[in-house]
Amino acid sequence: MAEGGGSGGSGRGPPCPGAASAFRRWEQLRRRAATPWARGLLAVAAGLGLLYAVLRVPVRLRDGLAAATMFLSTLTPKFYFALTVTSSFISGLIFVFEWWHFRKYGTSFIEQVSVSHLRPLIGGAENSPPAPAAFSAGENETSRQNMPECKVWRNPLNLFRGAEYSRYMWVTGKEPLTYYDMNLSAQDHQTFFTCDTDVLRPSDTVMQKAWRERSPQARIKAAYQALELNNDCATAYVLLAEEEATTIVDAEKYFKQALKAGEMIYRKSQNCHSQSPQHEAQLRRDTNVLVYVKRRLAMCARKLGRIREAVKMMRDLMKEFPLLSMLNIHENLLEALLELQAYADVQAVLAKYDDISLPKSAAICYTAALLKARAVSERFSPETASKRGLSTAEINAVEAIHRAVEFNPHVPKYLLEMKSLVLPPEHILKRGDSEAVAYAFFHLQHWKRIEGALNLLHCTWEGTFRMIPYPLEKGHLFYPYPSCTETADRELLPTFHEVSVYPQKELPFFIHFTAGLCSFSAMLALLTHQFPELMVTFVKAMIVLMIPFLMFSEGFRKPVRNNDTQHQSSISGFIAHNRGVAAR
């Protein structure tokens with residue numbers, strides 16, 4: 001809010017004339033202080049002050065040092081023990097808090113506070129004037145292009161909530177989905193399954209509200225209300241199949257009913273879609289519903305063991321709606337073909353979708369690596385390869401693995417079972433840990449089925465990191481690795497899962513510092529407790545040895561006044577006494 005605005009906006013009156021004149025005088029003084037002659041005077045004054053400090057401070061330093069030495073000589077071993085224990089305890093608390101903050105947020109709390117709050121107070125961050133409008137748009141466009149993409153995608157192999165996610169929660173008591181993930185799904189449902197013409201049909205109006213409900217029971221209740229108004233409401237059957245059905249068989253029954261209703265509504269929309277823009281929007285919505293239902297029916301067939309039927313349904317769906325490639329139905333097809341061990345068909349799908357102009361995914365990159373590893377993995381041996389060298393086929397397989405690891409470096413740990421798997425989320429972040437979990441959850445069995453594939457992966461995957469020593473700055477075959485994946489993955493994956501971070505962050509300086517301080521203080525406390533007299537003698541001896549270094553300005557010492565002679569002699573006698581104690 002502008003300070004100089006009228007009194008009606010902020011409730012304040014206009015500034016008083018005295019404050020305005022004081023502000024003008026301050027501005028004049030500041031401008032005068034910025035002139036060269038004023039800076040020269042300030043430099044001269046600073047030099048004089050420094051000279052005074054050099055001439056005067058040593059005398060006060062000697063007096064203060066003598067008083068401090070006399071005070072320390074009266075302290076008992078219990079005081080030193082209490083001091084070291086307290087410092088060790090405090091530094092230990094700081095270390096534990098720093099470690100917890102780093103594990104949770106990936107940054108040091110002390111460094112964050114220093115950068116955010118202390119640097120502006122010191123003057124490290126200054127307000128720069130805004131750039132001209134002629135260049136701001138171009139700079140924003142450049143920065144937008146340079147920013148790493150952290151777009152969240154819907155998982156093409158996401159599980160069923162009622163039949164799989166809810167069953168997991170009933171058995172383990174752990175929530176497999178995060179609120180952020182479920183909120184993204186609710187937004188997807190509202191985008192795919194609603195349109196502006198829903199207000200014309202009462203059942204669709206009820207479903208429009210149902211997708212916004214947070215409680216699963218409220219959504220299921222609304223779906224039944226929509227079916228009471230219209231028994232052919234396809235989206236109501238979709239919701240019941242996703243959330244109420246507790247088995248895949250029940251979900252398939254609901255989806256078959258949704259398919260029957262969806263095909264009928266889709267044919268009606270096709271006949272009148274050119275009449276108005278509202279009818280075109282309704283056709284898009286009905287198309288989305290039909291594609292979604294057919295895809296989920298194919299996934300039900302895949303889960304129930306009818307894999308050839310699932311492959312046929314997916315192929316027909318891709319032929320019928322070729323423009324909906326952004327739904328990544330080909331990833332469902334790849335997984336089903338791998339289950340059939342139809343590797344020639346898998347290669348044909350990869351030839352179409354593993355193109356430089358199309359977005360990549362872990363499923364495409366690692367499936368391509370799996371096919372090339374299949375040709376050499378059975379006879380591959382690290383010892384033999386080190387002696388005779390790699391053949392052309394082995395080099396191609398290793399390069400394919402390096403390509404896949406560069407795209408998503410989190411996957412090998414799950415395939416090699418170095419990290420435990422959890423249920424994949426409903427949304428994934430490409431090149432992130434969430435995508436790695438989703439890929440390994442469905443494809444680990446295919447890697448195990450090919451003999452030697454995991455052995456080849458184990459021997460070669462870490463070699464990728466030697467080619468890209470600075471993955472956040474420059475990649476080898478792909479763009480630099482985005483630095484925002486950790487934050488998004490923590491929102492998508494459940495809290496009980498340890499999120500994989502790449503590249504590994506080094507421990508901040510303050511964690512090392514507080515750990516060393518805590519250990520050193522604890523050691524001093526232990527020594528003081530075990531050898532109290534020896535530690536007191538050691539401290540006094542250290543003080544005596546430090547006195548000659550601190551009294552560095554003997555040349556500036558002033559003549560000792562007569563009334564200070566007795567005081568100086570007492571100090572000299574005390575120092576000599578301590579030297580004798582240290583010698584003994």
Side-chain angles (χ1 to χ4, degrees), residues 152 154-155 158-170 175-269 278-297 299-300 303 327 423 425-427 492:
V152 175
R154 187 162 182 86
N155 183 6
N158 65 307
L159 306 178
F160 295 87
R161 283 199 187 177
E164 292 173 307
Y165 288 120
S166 296
R167 291 170 66 90
Y168 176 84
M169 185 175 63
W170 297 337
E175 181 63 56
L177 297 176
T178 63
Y179 174 76
Y180 175 71
D181 192 14
M182 292 188 289
N183 187 43
L184 290 177
S185 298
Q187 296 177 16
D188 293 340
H189 295 152
Q190 295 176 46
T191 303
F192 294 153
F193 302 149
T194 62
C195 65
D196 296 336
T197 61
D198 287 345
V199 295
L200 303 177
R201 295 179 297 276
S203 59
D204 290 336
T205 304
V206 174
M207 289 305 301
Q208 203 172 37
K209 297 178 181 178
W211 297 121
R212 299 192 183 100
E213 294 288 347
R214 291 190 177 183
S215 172
Q217 291 76 16
R219 291 193 293 270
I220 294 173
K221 182 179 179 181
Y224 279 114
Q225 292 176 357
L227 290 176
E228 291 176 359
L229 297 173
N230 180 13
N231 196 36
D232 293 329
C233 183
T235 53
Y237 288 118
V238 169
L239 193 148
L240 293 176
E242 291 287 351
E243 303 204 23
E244 191 191 37
T246 56
T247 63
I248 301 298
V249 175
D250 295 337
E252 187 180 32
K253 293 179 181 178
Y254 279 121
F255 276 122
K256 287 182 178 179
Q257 292 177 288
L259 178 63
K260 182 179 178 181
E263 286 179 338
M264 182 179 61
I265 298 174
Y266 176 72
R267 284 193 295 268
K268 291 181 180 179
S269 299
Q278 289 77 14
H279 287 88
E280 291 182 3
Q282 183 176 343
L283 177 62
R284 286 194 298 269
R285 192 280 306 270
D286 295 337
T287 304
N288 292 335
V289 173
L290 186 61
V291 172
Y292 185 88
V293 170
K294 288 187 175 182
R295 180 181 192 169
R296 296 302 263 179
L297 275 173
M299 295 176 67
C300 289
K303 293 176 184 292
L327 298 177
L423 294 186
E426 294 183 338
H427 291 79
L492 292 172

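For the single chain, residues carry numbers from 1 onward in sequence order. FYI, side chains are in, hydrogens and waters are out, and symmetry mates aren't considered; it's all heavy atoms of this structure.
- For the pair F192/Q187, no side-chain contact is recorded, criterion being any heavy-atom separation below 4.5 Å from C-beta on.
- Ion pairing of K303 with E164 is present here, as a side-chain N (NZ or NE/NH1/NH2) and a carboxylate O approach within less than 4.0 Å.
- Between the side chain of N230 and the main chain of S203, no donor-acceptor pair closer than 3.5 Å is present.
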(request) Decide yes or no on side-chain contact (heavy atoms from CB on, under 4.5 Å) for E263 and K294, but give the supporting numbers first. (result) CA-CA 10 Å; E263 286 179 338; K294 288 187 175 182; 4.1 Å; yes
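- Although no hydrogens or angles enter the test, the distance criterion places a donor-acceptor pair under 3.5 Å between the side chain of D181 and the main chain of E426.
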(message) Quick one, E280 with S269, criterion side-chain contact (heavy atoms from CB on, under 4.5 Å). Give me CA distance, side-chain angles, the key distance, then yes/no.
(response) CA-CA 8 Å; E280 291 182 3; S269 299; over 6 Å; no
(request) Report the C-alpha separation of T194 and D204 in whole Å, then their side-chain angles, then the decisive distance to 0.1 Å, and conclude whether the side-chain contact (heavy atoms from CB on, under 4.5 Å) test is met. (result) CA-CA 8 Å; T194 62; D204 290 336; over 6 Å; no
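- With hydrogens and angles disregarded, a donor-acceptor distance shorter than 3.5 Å links the side chain of R219 to the backbone of E213.
- Donor-acceptor pairing under 3.5 Å is lacking for the side chains of H427 and N158.
- No hydrogens or angles considered: nothing links the side chains of Y266 and R285 as a donor-acceptor pair under 3.5 Å.
- Between the side chain of T246 and the backbone N or O of G162 there is no donor-acceptor pair closer than 3.5 Å.
- Judged by distance alone, the side chains of T247 and D250 do bring a donor and an acceptor atom under 3.5 Å apart.
- Within a 6.0 Å radius of CG in D196, other residues, nucleotides and ligands contribute 12 heavy atoms or fewer.
- When side chains are defined from C-beta on, L290 counts as touching L259, because their heavy atoms get closer than 4.5 Å.
- Between the side chain of D198 and the backbone N or O of C195, at least one donor-acceptor pair lies under 3.5 Å.
- Looking only at side-chain heavy atoms (C-beta outward), L327 and V291 come within less than 4.5 Å of each other.
- Donor-acceptor pairing under 3.5 Å is lacking for the side chains of E242 and Y165.
- Taking the six-membered ring where the residue is Trp, F193 and Y292 present perpendicular rings, their angle passing 60° and hence far from 30°.
- Proximity of Q282 to R201: side-chain heavy atoms (C-beta onward) are separated by under 4.5 Å at one or more points.
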(message) The test is side-chain contact (heavy atoms from CB on, under 4.5 Å); show your working for W211 and L239 and say whether it passes.
(response) CA-CA 9 Å; W211 297 121; L239 193 148; 3.5 Å; yes
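- Between Y237 and F255, every side-chain heavy-atom pair lies at or beyond the 4.5 Å cut-off.
- Cation-pi geometry between R296 and F160 is satisfied (NZ or CZ under 6.0 Å from the ring centre, within 45° of the ring normal).
- Looking only at side-chain heavy atoms (C-beta outward), R167 and W170 come within less than 4.5 Å of each other.
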